[in-house]
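Just so you know, ligand 1 is whichever comes first in the structure, and atom 1 is the first atom listed for that ligand.
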Amino acid sequence: MRIVALANQKGGVGKTTTAVNLGAALAELGHRILLIDLDPQANATSSFGLQGTDGTSLYDPLLGGASITEKILPTRRDGLFIVPADIDLAGAEVEIARMPNHLTRLAETLRPLQADDTFDFVLLDCPPSLGILMSNALAAADELLTPIQCEYFALEGLVKIVRLVEQVRDSGVNDRLEIGGIVMTMFDARTNLSQQVVADVRKHFGERVYQTVIPRSVRLSEAPSFGKSILEYAPSGAAAQAYRALAREFIERHGSPATPRELSHTPASENLER
Ligand SMILES: Nc1ncnc2c1ncn2[C@@H]1O[C@H](COP(=O)(O)OP(=O)(O)O)[C@@H](O)[C@H]1O
Ligand SMILES: [Mg+2]
């Protein structure tokens, strides 16, 4: 199981959109994906048409009051599961901060999932602010997947993230953290700016930048209000094709650690078969 944090301290760059649609596309390829909504705004949660107000979030597990396996919900897509966010999660910031091991709460919460192999990948949809939840994500993750909007200040934003990753490594909280990939989002082929930004980012970050670029598409912004991923909402459009290509590239990069398979019978999977 590999833990991938969709992280960028900037809001509105496509973290949630990428978490939801990459998650759906990976599940379509036969991989078992757990998406964890770590943002109290709960945008990923509502993208699946879920409300997230019934105590089903990571709040209790983070505070040690429940196991994460109790909070995992199926989605309409086979192989794609979610731990929703709810308003309680906003309060978790303050309460976790009081705990002794406040930076490693999420890592500990995910440990029962590490022990069995129900999931191939856990995608953490991070909040933009660099608070306790985001810090916990950085401490728990094997790697970051950083969406960057094709706009003028893209490189400046990336430099900040690189520094952040170095700080996390230096602090000793997570010495294996790395930027596993950078995804350029909201690419507009009609503008020189988009082309120029992609070229600049590739020049500085080389191989770490995914070949697949996500186009600007109004379909991507419409899909969540129907509770659908782009693969259901506009399956043959450019945006769906892009997220499918991103999923294939993601799997190539991860050396296909997990081949599609039947759900193995494990404590967590029993919970999922409800
Ligand atoms: N490729 C895209 N084309 C058009 N709109 C997009 C695209 N990606 C994201 N959006 C929209 O931009 C806004 C911010 O995206 P979101 O994924 O919520 O960003 P973040 O999670 O980083 O804050 C949302 O309204 C979303 O629907
Ligand atoms: Mg978001």
Heteroatom distance test (Thr18, ligand 1): nitrogen or oxygen, under 3.5 angstrom: no

Subset of ligand 1 atoms that lie under 4.0 Å from at least one heavy atom of Gly11: 23 (O)

Nearest non-hydrogen protein atom, atom 18 (O) of ligand 1: Thr16 CB, 3.9 Å

Test item: Asn21 and Leu220 side chains (from C-beta on) under 4.5 Å apart, heavy atoms: yes

Atom 14 (C) of ligand 1 [closest protein heavy-atom partner, distance rounded to 0.1 Å]: Gly12 CA, 3.7 Å

Pairwise side-chain contact, Tyr243 with Thr17, heavy-atom cut-off 4.5 Å (strictly under): yes

2.8 Å cut-off met by an N, O or S atom of Thr16 to the Mg ion (ligand 2): yes

Atom 25 (O) of ligand 1 - nearest protein heavy atom and its distance: Ser221 CB, 4.5 Å

Atoms in ligand 1 with a heavy atom of Ser217 nearer than 4.0 Å: 2 (C), 3 (N), 4 (C), 5 (N)

Side chain, backbone, both or neither: the part of Thr17 lying under 4.0 Å from ligand 1 by heavy atom: both

Whether Phe121 and His254 hold their rings parallel, tilted or perpendicular, with breakpoints at 30° and 60°: perpendicular

Arg219 and Glu222 ion-paired at < 4.0 Å: yes

Stepwise side-chain contact (heavy atoms from CB on, under 4.5 Å) check, Val165 with Glu178: CA-CA 7 Å; Val165 169; Glu178 56 178 354; 5.5 Å; no

Parallel, tilted or perpendicular: ring planes of Phe81 versus Phe119, cut at 30 and 60 degrees: perpendicular

Proximity of Pro147 to ligand 1 by residue part, where a heavy atom lies under 4.0 Å: neither

Residue pair Asp37 / Thr45, side-chain donor-acceptor N/O under 3.5 Å: yes

Heavy-atom protein neighbour under 4.0 angstrom from atom 9 (C) of ligand 1: yes

Lys10/Glu151 under salt bridge (charged side-chain N to carboxylate O under 4.0 Å, His left out): CA gap, chis, key distance, verdict: CA-CA 12 Å; Lys10 206 163 169 223; Glu151 53 148 38; 2.7 Å; yes

Where ligand 1 meets Ile214 - atom numbers and elements under 4.0 angstrom, heavy-atom basis: 1 (N)

Minimum-distance protein heavy atom relative to atom 1 (N) of ligand 1: Pro215 O, 2.9 Å

Stepwise side-chain contact (heavy atoms from CB on, under 4.5 Å) test for Leu58 and Lys71: CA-CA 7 Å; Leu58 210 60; Lys71 306 295 181 183; 5.6 Å; no

Subset of ligand 1 atoms that lie under 4.0 Å from at least one heavy atom of Val13: 19 (O), 20 (P), 22 (O)

Residue, atom name and distance, where the atom is the protein heavy atom closest to atom 19 (O) of ligand 1: Gly14 N, 3.0 Å

Heavy-atom nearest neighbour in the protein, as seen from atom 7 (C) of ligand 1, with distance rounded to 0.1 Å: Met186 CG, 3.6 Å

Over 12 foreign heavy atoms within 6.0 Å of CD, Glu207: no

